[in-house]
Amino acid sequence: MNSNTETHTLNGKRIAILVANGFEEDELTSPRRALEDAGAETEVISPEKGKVKAWKHTDWGREVKVDVPLDSAAPENYDALVLPGGVMNPDHLRRNETALNFVRSFFKTGKPVGAICHGPWTLIDAGVVCGRTVTSYESIQSDLKNAGATWEDREVVVDHGLVTSRTPDDLPAFNQKLIEEVAEGEHRVVAS
């Protein structure tokens, strides 16, 4: 498959973007825009009510409307999941059992998941990285290795529908691979 010449259409696909306060703004807005430009519908899901606040590099960023409260979100209504990074956001999500169960459900059904920067922290606590090859923000590589993942220093890594990237600088590659994986649909469930 040559992704440079092939256009992926995501018409009819619904994508969940799971965040808490302190998500890195570009890591939500850029994938969301790319997925919507490819025809997908996206919904921001959060344990926060009403709005969730972004972090933009070194200070608070804009607020984003929460489309579906986490406690009302049904994983079966979505074709894929995106986990933006930032430090605070995944640190909140990884301590929320409802969020962890939401994440686990995508892995159980083989639906594509994208996680960037510190986003894979949530995957560790969900217990879904053992045996997977991933990348992330450099400072959490030991956490991922200790959880049984193989960590690589590349702009994007794809492993059976799991798309991971390191930083906002990698967003073009992350977005492209995420769209490809969502277009492919469910992947073979990998035992962990």
Side-chain angles (χ1 to χ4, degrees), residues 10 13-36 40-56 61-129 132 134-137 140 143-144 147 159 161-168 170-171 174-175 177-179 181-182 186-187:
L10 302 183
K13 301 281 188 180
R14 291 181 73 199
I15 315 301
I17 304 173
L18 178 61
V19 293
N21 283 324
F23 65 90
E24 184 64 44
E25 188 172 316
D26 293 343
E27 294 172 6
L28 182 149
T29 58
S30 178
R32 185 178 210 182
R33 185 172 40 256
L35 289 161
E36 290 177 351
E41 176 187 345
T42 64
E43 291 185 333
V44 172
I45 297 170
S46 180
E48 311 298 331
K49 307 293 186 227
K51 292 186 178 182
V52 64
K53 194 166 202 158
W55 188 258
K56 181 121 175 115
R62 68 182 219 190
E63 290 184 326
V64 174
K65 178 183 172 286
V66 173
D67 297 305
V68 180
L70 176 60
D71 53 10
S72 302
E76 61 271 13
N77 292 339
Y78 300 97
D79 298 291
L81 171 66
V82 177
L83 296 168
V87 176
M88 289 175 270
N89 165 52
D91 196 45
H92 292 299
L93 293 176
R94 66 194 263 185
R95 294 179 283 135
N96 182 315
E97 196 58 37
T98 304
L100 297 177
N101 285 330
F102 189 79
V103 170
R104 287 180 192 116
S105 66
F106 286 84
F107 284 85
K108 286 178 185 165
T109 57
K111 292 179 182 178
V113 175
I116 185 167
C117 192
H118 287 76
W121 255 351
T122 306
L123 301 179
I124 291 169
D125 285 80
V128 295
V129 296
R132 304 302 284 268
V134 298
T135 194
S136 67
Y137 193 74
I140 68 166
D143 298 341
L144 286 158
D159 183 333
L162 173 59
V163 180
T164 53
S165 283
R166 302 170 300 191
T167 71
D170 299 329
L171 279 164
F174 178 76
N175 294 344
K177 288 297 183 184
L178 183 60
I179 290 168
E181 295 303 301
V182 173
E186 292 182 9
H187 291 66

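Quick note: numbers below take in every heavy atom, side chains included, and nothing from hydrogens, waters or symmetry partners.
- Ser105 meets the side-chain contact (heavy atoms from CB on, under 4.5 Å) test with Pro75; sequence neighbours excluded.
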Just do the side chain to side chain contact (heavy atoms under 4.5 Å, CB included) check on Ile179 and Leu10 with the steps written out, would you? CA-CA 8 Å; Ile179 290 168; Leu10 302 183; 4.1 Å; yes
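- The main-chain N or O of Lys53 is found under 3.5 Å from a side-chain atom of Asn21 such that the two form a donor-acceptor pair.
- Note that CD1 of Ile17 and CD of Glu27 are 12.0 Å apart. Values are rounded to the nearest 0.5 Å.
- Between Thr135 and Pro120, the closest heavy-atom pair is O-CG, 3.9 Å.
- Applying the salt bridge (Lys or Arg N to Asp or Glu O under 4.0 Å) rule to pairs touching residues 85-102 yields Asp91-Arg95, Arg94-Asp125, Glu97-Arg104, sequence neighbours excluded.
- Atoms CD1 and CD1, from Ile124 and Ile140 in turn, are 5.5 Å apart once rounded to the nearest 0.5 Å.
- Listed by chain and number, the residues in a side-chain contact (heavy atoms from CB on, under 4.5 Å) with Asp67 are Arg32, Glu43, Val44, Lys65 (sequence neighbours excluded).
- Rounding to the nearest 0.5 Å places CG of Leu93 at 8.0 Å from CG of Leu100.
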Would Ser165 and Ile116 count as a side chain to side chain contact (heavy atoms under 4.5 Å, CB included) if you check the C-alpha gap in whole Å, the side-chain angles of each, and the deciding distance to 0.1 Å? CA-CA 5 Å; Ser165 283; Ile116 185 167; 3.8 Å; yes
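- The shortest non-hydrogen separation linking Phe174 to Pro31 is CE2-CG, 4.0 Å.
- Note on ring orientation: taking the six-membered ring where Trp is involved, the planes of Tyr78 and Phe106 are tilted (angle from 30° to 60°).
- Checked options Phe23, Trp55, Trp121; the residue passing with Val87 is Trp121 (criterion: side-chain contact (heavy atoms from CB on, under 4.5 Å)).
- Between atom CD1 of residue Ile45 and atom CG of residue Asn77 there is a gap of 8.5 Å, rounded to the nearest 0.5 Å.
- Of all heavy-atom pairs spanning Ala74 and Phe102, the tightest one is C-CE1, 4.2 Å.
- Judged by distance alone, the side chain of Asp159 and the main-chain N or O of Leu162 form no donor-acceptor pair under 3.5 Å.
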When you look at His187 and Glu181, which way does the side chain to side chain contact (heavy atoms under 4.5 Å, CB included) test go after all the steps? CA-CA 9 Å; His187 291 66; Glu181 295 303 301; 2.6 Å; yes
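- Under 3.5 Å, the side chains of Glu24 and His118 contain no donor-acceptor pair of N or O atoms.
- Note that CG of Leu83 and OG1 of Thr164 are 11.0 Å apart. Values are rounded to the nearest 0.5 Å.
- A search for side-chain contact (heavy atoms from CB on, under 4.5 Å) contacts involving Asp79 returns Lys13, Arg14, not counting sequence neighbours.
- Here the SG atom belonging to Cys117 is positioned 11.0 Å from the CZ atom belonging to Arg166, to the nearest 0.5 angstrom.
- Shown here for Ala147 and Val129, the closest heavy-atom pair between the two residues is CB-CG2, 3.6 Å.
- The side chain to side chain donor-acceptor pair (under 3.5 Å) check on Lys51 picks up nothing, with sequence neighbours excluded.
- Each of Leu18, Asn175, Leu35, Val163 was compared with Val82 under the side-chain contact (heavy atoms from CB on, under 4.5 Å) criterion, and only Leu35 meets it.
- Side-chain atoms of Thr29 come within 3.5 Å of backbone atoms of Glu25 as a donor-acceptor pair (strictly under, hydrogens ignored).
- The pair Lys177-Asp170 fails the salt-bridge criterion, with no side-chain N (NZ, NE, NH1 or NH2) lying under 4.0 Å from an Asp/Glu carboxylate O.
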Using the rule given for salt bridge (charged side-chain N to carboxylate O under 4.0 Å, His left out), can you reason through Asp26 versus Arg33, listing the C-alpha separation, both sets of side-chain angles and the distance that settles it, and then say yes or no? CA-CA 10 Å; Asp26 293 343; Arg33 185 172 40 256; over 6 Å; no
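- Ser46 meets the side-chain contact (heavy atoms from CB on, under 4.5 Å) test with Glu48, Val52, Val66; sequence neighbours excluded.
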